[in-house]
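Take a look at the structure below.
Numbers here simply count residues along the sequence, with the first being 1. Excluded from the calculations below are hydrogen atoms, water molecules and symmetry mates; all remaining heavy atoms, backbone and side chain alike, are included. What you see is a predicted model, and the numbers here were worked out from it, not measured in a lab.
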Amino acid sequence: MTKTSTYEKLAYPVRAWSIWLLSALFMFYKYALEVSPSVMTGTLMKTFHINGVELGNLAACYFYAYLLLQIPAGLLLDKFGPRKTTTLAIALCAVGSLIFSGADSLLLAGIGRFLTGAGAAFAAVNCLKLIANWFPFRHFAFMTGLMMTMAMLGAVGGQAPLAAFIQKMEWRQAIEVIGLSGLVLAAIFWVVVRDRSRDHAKERHIVSYKISFFNGIKQIFKNPQSWWLSAYSGFAFAPVMVFGGLWGVSFITEAFELSQNISAQMVSLIFIGFAVGAPVFGLFSDWLGRRRVVMLWGTIIALIAISTVIYVHGISTYALAFLLFIFGFSISSFLLCFTMIREINLPLLAATAIGFMNAFDALLGAFSDPLTGKFLDTGWNGKLIEGARIYSVSAYKAAFLTLPVCLIASLFMLLRVKETHCKPSYPTSLP
């Protein structure tokens with residue numbers, strides 16, 4: 001073995017893990033920004049003089065852009081590669097945050113959130129694309145879980161730490177610092193990342209002769225399993241974003257009479273549970289050789305946990321913490337559907353297939369936040385504190401009916417999904 005080949009063999013895992021880490025950091029960044037409105041609900045309502053529906057729409061501007069760009073994000077990543085595309089996406093995400101931090105009107109704030117969502121639309125698809133391009137196929141489920149661990153740590157950072165950060169600094173300054181850090185991440189991403197390893201480049205060349213690109217896209221749209229998996233994903237993840245991403249902190253503050261900081265810490269347990277559960281379910285599913293049954297039981301347990309938090313009276317603070325952790329841990333099983341959609345579609349179209357699925361997550365997120373806000377405004381009793389609407393516990397309970405409904409709907413979608421037994425429909429020559 002030559003010195004050059006020995007060096008390449010040693011350098012390969014270092015490069016692969018460095019690329020994964022930067023992609024996962026983009027996921028961290030994306031989720032921190034995504035859930036950040038949850039610790040600023042009162043502040044944003046007071047700053048922009050808005051009600052619950054308008055706050056829901058402001059938060060959902062992020063999801064509107066995220067939804068519109070999911071499939072284009074996959075196409076752009078497949079066509080131009082992750083390095084160029086994602087560097088621009090991170091920069092756009094950062095610029096959107098800077099605009100949001102300096103906004104003096106609701107319109108400008110909405111534009112900032114929209115641009116942030118546009119950049120963030122590339123985060124998950126990029127990371128999964130690079131996992132597919134740099135790691136063996138057999139490790140995809142586990143690496144996807146690790147990716148979401150980093151993402152959920154970002155969501156944790158967007159809860160209690162951001163709340164403490166905002167208390168020490170004005171909220172605009174806090175978001176401005178986050179925006180500037182995104183520009184630094186974009187520069188590092190450009191310097192370090194390469195689109196694919198040599199082995200995967202060869203595989204891409206082989207596959208491209210077997211089927212044309214647009215015929216492959218048709219296969220994604222024509223495959224009923226792509227639709228059922230994507231619908232399940234959207235309904236399963238919507239409660240996480242409604243409760244964890246916007247309204248959960250204010251609900252816990254009101255229902256359990258806790259401070260905003262403690263309530264934010266409680267909501268953070270959802271994302272900590274998610275961070276722990278994602279790689280665990282990936283490994284367990286690979287060991288079991290099945291995916292659907294794992295998602296089924298995970299979703300059922302999540303349904304029981306979040307319903308208990310919302311509708312069972314008199315539970316202790318410790319029980320609340322445990323149930324929120326279990327909710328996050330259990331619902332993380334839904335991530336296996338990202339592995340499944342890759343298993344049933346061509347490797348060449350990995351990003352496009354995953355973008356198609358992510359579009360459903362964005363659609364339900366864009367729909368659920370303002371809908372919940374509308375229900376809260378309907379039940380509002382007129383109470384105001386420093387110009388911000390304060391909703392009663394009964395109003396929250398009525399509005400949060402959407403959460404168990406979404407989870408039950410996801411279970412019905414999952415019943416139509418066929419088990420893949422952890423095997424790709426399109427065999428690859430890669431390990």
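A ring-centre distance under 6.0 Å is found for F135 and W17. Two rings, from F400 and F251, have their centers less than 6.0 Å apart. A distance of 6.0 Å or more separates the ring centres of F360 and Y232.
Here the CE atom belonging to M40 is positioned 9.0 Å from the OG1 atom belonging to T47, to the nearest 0.5 angstrom. Taking CG from L153 and OG from S268, the interatomic distance works out to 10.5 Å, rounded to the nearest 0.5 Å. Atom CE of M241 sits about 12.0 Å away from atom OG1 of T372, to the nearest 0.5 Å. The OG1 atom of T308 lies 10.5 Å from the CG atom of L324; values are rounded to the nearest 0.5 Å. Rounded to the nearest 0.5 Å, atoms CD (E54) and CG (L106) are 6.5 Å apart. Summarising the geometry, atom CZ belonging to F327 is positioned 4.5 Å from atom CD1 belonging to I306; distances are rounded to the nearest 0.5 Å.
The 12-atom threshold is exceeded at OH of Y396, counting heavy atoms of other residues, nucleotides or ligands nearer than 6.0 Å. The number of heavy atoms from other shown groups lying within 6.0 Å of NZ (K374) does not exceed 12. Around the CZ atom of F48, the shell of radius 6.0 Å holds more than 12 heavy atoms that belong to other residues, nucleotides or ligands.
Classified by interplanar angle (parallel below 30°, tilted 30° to 60°, perpendicular above 60°), the ring pair F237/F334 is parallel. Ring geometry, F63 versus Y66: the interplanar angle exceeds 60°, so the pair is classed perpendicular (tilted spans 30 to 60°).
Within the structure, every pair that satisfies the side chain to side chain donor-acceptor pair (under 3.5 Å) test and touches residues 287-297, not counting sequence neighbours, is listed here: S285-R291, D286-R291, R291-E343.
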Practice task
Assess whether side-chain contact (heavy atoms from CB on, under 4.5 Å) is satisfied between V240 and I331, documenting all intermediate values.
Solution key: CA-CA 8 Å; V240 178; I331 201 60; 3.7 Å; yes
Problem - side-chain contact (heavy atoms from CB on, under 4.5 Å) between V294 and F284, worked out - result: CA-CA 8 Å; V294 177; F284 179 66; 3.9 Å; yes
Exercise for the section: Please report the C-alpha distance between L146 and I131 in whole Å, then the side-chain angles of each, then the deciding distance to 0.1 Å, and finally whether the side-chain contact (heavy atoms from CB on, under 4.5 Å) criterion is met. Expected result: CA-CA 11 Å; L146 278 185; I131 289 172; over 6 Å; no
Exercise for the section: Under the side-chain contact (heavy atoms from CB on, under 4.5 Å) rule, what do R172 and F100 come out as? Steps first, then yes or no, please. Expected result: CA-CA 8 Å; R172 294 181 185 277; F100 181 71; over 6 Å; no
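Looking at every heavy atom in both residues, I252 comes nearest to M266 through CD1-CB, 4.0 Å. Residues K30 and A120 approach most closely at CG-CB, 3.4 Å, considering heavy atoms. In terms of heavy-atom proximity, G244 sits nearest to I270 at CA-CD1, 4.4 Å. Annotation for L269 and A321: closest pair CD1-CB, 3.4 Å, computed over non-hydrogen atoms. The two atoms that bring I341 and L229 nearest to each other are N-CD1, 4.0 Å, heavy atoms only. Looking at every heavy atom in both residues, G298 comes nearest to S330 through O-CB, 3.2 Å.
A donor-acceptor contact shorter than 3.5 Å is absent between the side chain of R83 and the backbone of D195. Under the 3.5 Å distance criterion, the side-chain polar atoms of S263 are matched with a main-chain donor or acceptor of T253. The backbone N or O of L77 sits nowhere less than 3.5 Å from a side-chain atom of N126 that would complete a donor-acceptor pair. A distance-only check finds no donor-acceptor pair linking the side chain of S307 to the backbone of I304 [under 3.5 Å]. When atom types are taken as modelled, the side chain of S332 and the backbone of A278 share a donor-acceptor pair closer than 3.5 angstrom. A donor-acceptor pair is defined here as one N or O able to donate and one able to accept, closer than 3.5 Å; such a pair exists between the side chain of W134 and the backbone of R194.
The shortest side-chain heavy-atom distance between Q225 and M340 does not fall under the 4.5 Å cut-off. Contact check for L33 versus S97: side-chain heavy atoms found under the 4.5 Å cut-off. No side-chain heavy atom of F329 sits less than 4.5 Å from a side-chain heavy atom of I301. Counting heavy atoms from C-beta outward, F338 and S233 have side chains that approach closer than 4.5 Å. L401 is listed as a side-chain neighbour of Y311, based on a closest heavy-atom distance under 4.5 Å. For the pair W20 and L130, the minimum side-chain heavy-atom distance is 4.5 Å or more. Two residues are said to be in side-chain contact when any heavy atoms from C-beta on lie closer than 4.5 Å; I188 and L25 fail this criterion. Contact check for L411 versus L407: no side-chain heavy atoms found under the 4.5 Å cut-off.
Side-chain polar atoms of S181 and Y29 form no donor-acceptor pair below 3.5 angstrom.
Tested against T116 for a side-chain contact (heavy atoms from CB on, under 4.5 Å), the candidates C61, C93, S36 yield a single pass: C93.
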